[in-house]
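Owing to the predicted nature of the structure, the values given are computational and were not obtained by experimental measurement. A, B, ... follow the sequence lines: proteins, then strands. Residue 1 opens every chain.
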2 protein chains.
Amino acid sequence: MSGLTAKGAATKARIVRTATDLILERGVGGMTLDEIRAGTATSKGQLFHYFPDGKRDLVAAIAEFQSGRVLEAQRPWLDQLDSWESWYGWRDAVVAHYRTLTHLHCSISALITELTPADPALAATVAAHADRWFDHLAAGVQKMRAQRLIHPEADPERLALMVFTALQGGLLVMQAHNAIEPLEAALDGALLALRSHRI
Amino acid sequence: MSGLTAKGAATKARIVRTATDLILERGVGGMTLDEIRAGTATSKGQLFHYFPDGKRDLVAAIAEFQSGRVLEAQRPWLDQLDSWESWYGWRDAVVAHYRTLTHLHCSISALITELTPADPALAATVAAHADRWFDHLAAGVQKMRAQRLIHPEADPERLALMVFTALQGGLLVMQAHNAIEPLEAALDGALLALRSHRI
DNA sequence: GCTCTTCTGGACTGGCGGGTCCATTTTTTG
DNA sequence: CAAAAAATGGACCCGCCAGTCCAGAAGAGC
């Protein structure tokens with residue numbers, strides 16, 4: 001009844017994938033439905049058939065998809081982060097992932113920033129995905145503390161926030177400079193700061 | 001001849017100031033010439049009289065203005081940064097400045113990121129202002145090394161980049177969360193990382 | 001005063017892009 | 001196979017917004 005044929009699902013997925021690449025390359029403002037249409041060999045009708053709320057639905061789907069993809073690239077390290085080795089492994093995985101994508105222009109935090117003034121509700125939806133990322137880091141710091149690898153007095157939330165902001169800053173400047181060094185410097189700095197809380 | 005009356009200069013300045021506030025609040029995409037017009041009690045004619053290239057000129061002027069304002073808020077610390085005290089003083093000055101502006105949505109790096117896909121040339125112009133900021137940090141790190149407060153083997157450019165990315169990340173997440181903590185955590189982390197290179 | 005320049009107001013245009021609508025084709029279901 | 005549901009194509013509409021144009025007001029210089 002309220003179905004979605006295999007064919008339909010495929011089309012929907014195709015749209016999301018193309019739209020994701022487009023939004024990463026051009027930003028929210030630079031992504032037009034017409035380009036998506038052209039890039040996927042679909043029609044306006046289909047776009048609104050699968051994403052009734054238009055651009056809003058589309059952006060939400062993109063955030064979900066891209067969030068999953070980015071998190072995936074950080075596994076298995078992101079789920080561990082319970083030893084110094086795994087933190088460094090994580091760092092390397094992140095750098096390796098983005099090294100192949102330096103021409104992209106739109107990290108998740110940048111997306112949120114761009115969205116907030118125009119559509120706070122949608123921005124909040126997207127922000128939930130950023131929070132997932134943050135939560136992994138926070139869980140990691142917790143584990144480190146539980147294992148007495150970092151000082152018990154250290155505030156795990158605060159430390160995770162520090163790592164997260166460094167990461168996002170690294171991505172942002174990486175995009176602005178179209179170079180990987182900023183990301184590397186940012187992550188190295190974050191881990192150095194984290195290490196200075198070791199016992 | 002190629003004059004600019006006192007009255008004209010005042011109008012131009014008024015436009016820049018209002019436009020700056022607008023762009024910080026709504027982002028580049030959300031800033032319309034009509035809103036600027038309304039906010040400054042001017043007309044389309046004047047906008048294009050003072051900024052012949054329209055939005056491009058305007059954005060460049062905004063970047064210049066805002067860059068000056070932000071740098072100003074960090075003085076005198078930003079010119080020193082030659083002792084640990086001055087780095088912490090700088091940190092506090094930055095936090096204090098942005099504490100009054102947490103509802104703003106558009107840091108300079110975010111601006112660059114948003115601009116790059118649409119207008120790379122303009123983005124480069126804006127990036128020059130970000131570089132000024134970075135240069136101050138790099139000079140500071142140099143001084144610290146010259147005074148043997150940090151390890152001679154440390155790469156000053158890299159360390160400055162680390163601080164800069166942390167700062168930008170702090171601003172970005174601050175905007176996304178509309179809270180000051182991310183900025184504080186980011187700067188504390190950066191200084192901690194910097195300190196771990198002390199002799 | 002006159003003239004030339006700068007400043008101002010606002011009507012107008014043109015295109016872009018999001019979103020609507022419906023007719024047609026394809027697939028599922030029974 | 002027939003009917004219903006889902007998928008597709010694309011023409012159309014409409015509002016928004018950057019940018020144009022020009023006529024007229026206000027100053028500067030003489």
Side-chain angles (χ1 to χ4, degrees), chain A residues 1-20 22-23 25-62 106 111 114-115 117-119 121-123, chain B residues 1-20 22-23 25-63 111 114-115 117-119 121-123:
Chain A
M1 30 239 70
S2 65
L4 190 62
T5 312
K7 190 180 177 186
T11 301
K12 187 170 182 178
R14 198 171 76 245
I15 293 174
V16 171
R17 295 219 316 173
T18 305
T20 301
L22 253 170
I23 209 173
E25 199 181 313
R26 318 268 266 245
V28 200
M31 178 195 69
T32 73
L33 297 188
D34 241 33
E35 282 174 323
I36 296 173
R37 203 186 41 64
T40 52
T42 51
S43 63
K44 274 284 182 62
Q46 295 170 75
L47 252 45
F48 284 85
H49 180 64
Y50 296 111
F51 305 93
D53 213 351
K55 215 170 182 177
R56 297 189 81 240
D57 280 352
L58 208 35
V59 169
I62 288 169
C106 183
L111 189 59
E114 193 176 345
L115 242 35
D119 191 336
L122 181 53
Chain B
M1 30 237 72
S2 64
L4 192 62
T5 314
K7 191 179 177 188
T11 302
K12 187 170 181 177
R14 197 171 76 246
I15 293 174
V16 172
R17 295 219 316 174
T18 306
T20 301
L22 252 170
I23 209 172
E25 198 181 315
R26 318 267 267 245
V28 200
M31 177 195 68
T32 74
L33 297 189
D34 242 32
E35 283 174 322
I36 296 173
R37 203 186 41 65
T40 52
T42 51
S43 64
K44 273 285 182 62
Q46 296 171 74
L47 251 46
F48 283 85
H49 180 66
Y50 295 110
F51 305 94
D53 213 351
K55 215 170 182 176
R56 297 189 80 240
D57 280 351
L58 208 36
V59 170
I62 287 168
L111 188 60
E114 192 176 346
L115 241 35
D119 191 336
L122 181 54

* Structure fact -> Between A:Gln46 and A:Thr11, the two heavy atoms sitting closest are OE1-CG2, 3.6 Å

* What are the two closest non-hydrogen atoms of A:Thr42 and A:Ile36, and how far apart are they? ->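 Answer, listing the atom of A:Thr42 first, then A:Ile36: OG1-O, 4.4 Å.
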
Calculate the interatomic distance between [X] atom [atom1] and [N] atom [atom2]; express it in whole Å.
X	N	atom1	atom2	answer
B:His49	C:dT5	NE2	P	13 Å
A:Glu35	C:dC16	CD	C1'	11 Å
A:Ile15	D:dA7	CD1	P	11 Å
B:Lys12	C:dT8	NZ	C1'	16 Å
A:Leu47	D:dA7	CG	C1'	13 Å
A:Ile23	C:dG18	CD1	P	11 Å
A:Asp34	D:dC12	CG	C1'	13 Å
A:Ile36	D:dT8	CD1	C1'	17 Å

Closest nucleotide among [options] to the [X] side chain:
X	options	result
B:Phe48	D:dG19, C:dG9, D:dT8	D:dG19
A:Lys44	D:dA7, D:dG10, D:dG19	D:dG10
B:Thr32	D:dA18, D:dT8, D:dA28	D:dA18
B:Gln46	C:dT8, C:dT27, D:dA18	C:dT8

Could you check if a side-chain atom of [X] sits within less than 4.5 angstrom of a side-chain atom of [Y], using non-hydrogen atoms only?
X	Y	value
B:Val16	B:Phe51	yes
B:Leu58	B:Leu33	yes
B:Met31	B:Ile62	yes
A:Glu25	A:Leu22	no

* Closer than 4.0 Å, any side-chain N/O of A:Thr42 to the OP1 or OP2 of D:dT8? -> no

* Asked: Is the shortest side-chain N/O distance from A:Thr5 to OP1 or OP2 of C:dT28 below 4.0 Å?
  ->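 Answer no for this pair, as no side-chain N or O of A:Thr5 is under 4.0 Å from OP1 or OP2.
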
* To do: Describe the nucleic acid contact of B:Gly45 in one word from base, sugar-phosphate, nothing, applying a heavy-atom distance below 4.0 Å.
  =>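 It contacts base atoms.
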
* Asked: For DNA chain D, what residues of residues 50-61 of chain B have any heavy atom nearer than 4.0 Å?
  -> B:Gly54, B:Lys55

* To do: Using only heavy-atom distances, decide whether a donor-acceptor pair under 3.5 angstrom links the side-chain of B:Lys7 to the base of D:dG27.
  =>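 No, no donor-acceptor pair under 3.5 Å.
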
* Near A:Arg37 CZ, under 6.0 Å, is it more than 12 heavy atoms from other residues, nucleotides or ligands? -> yes

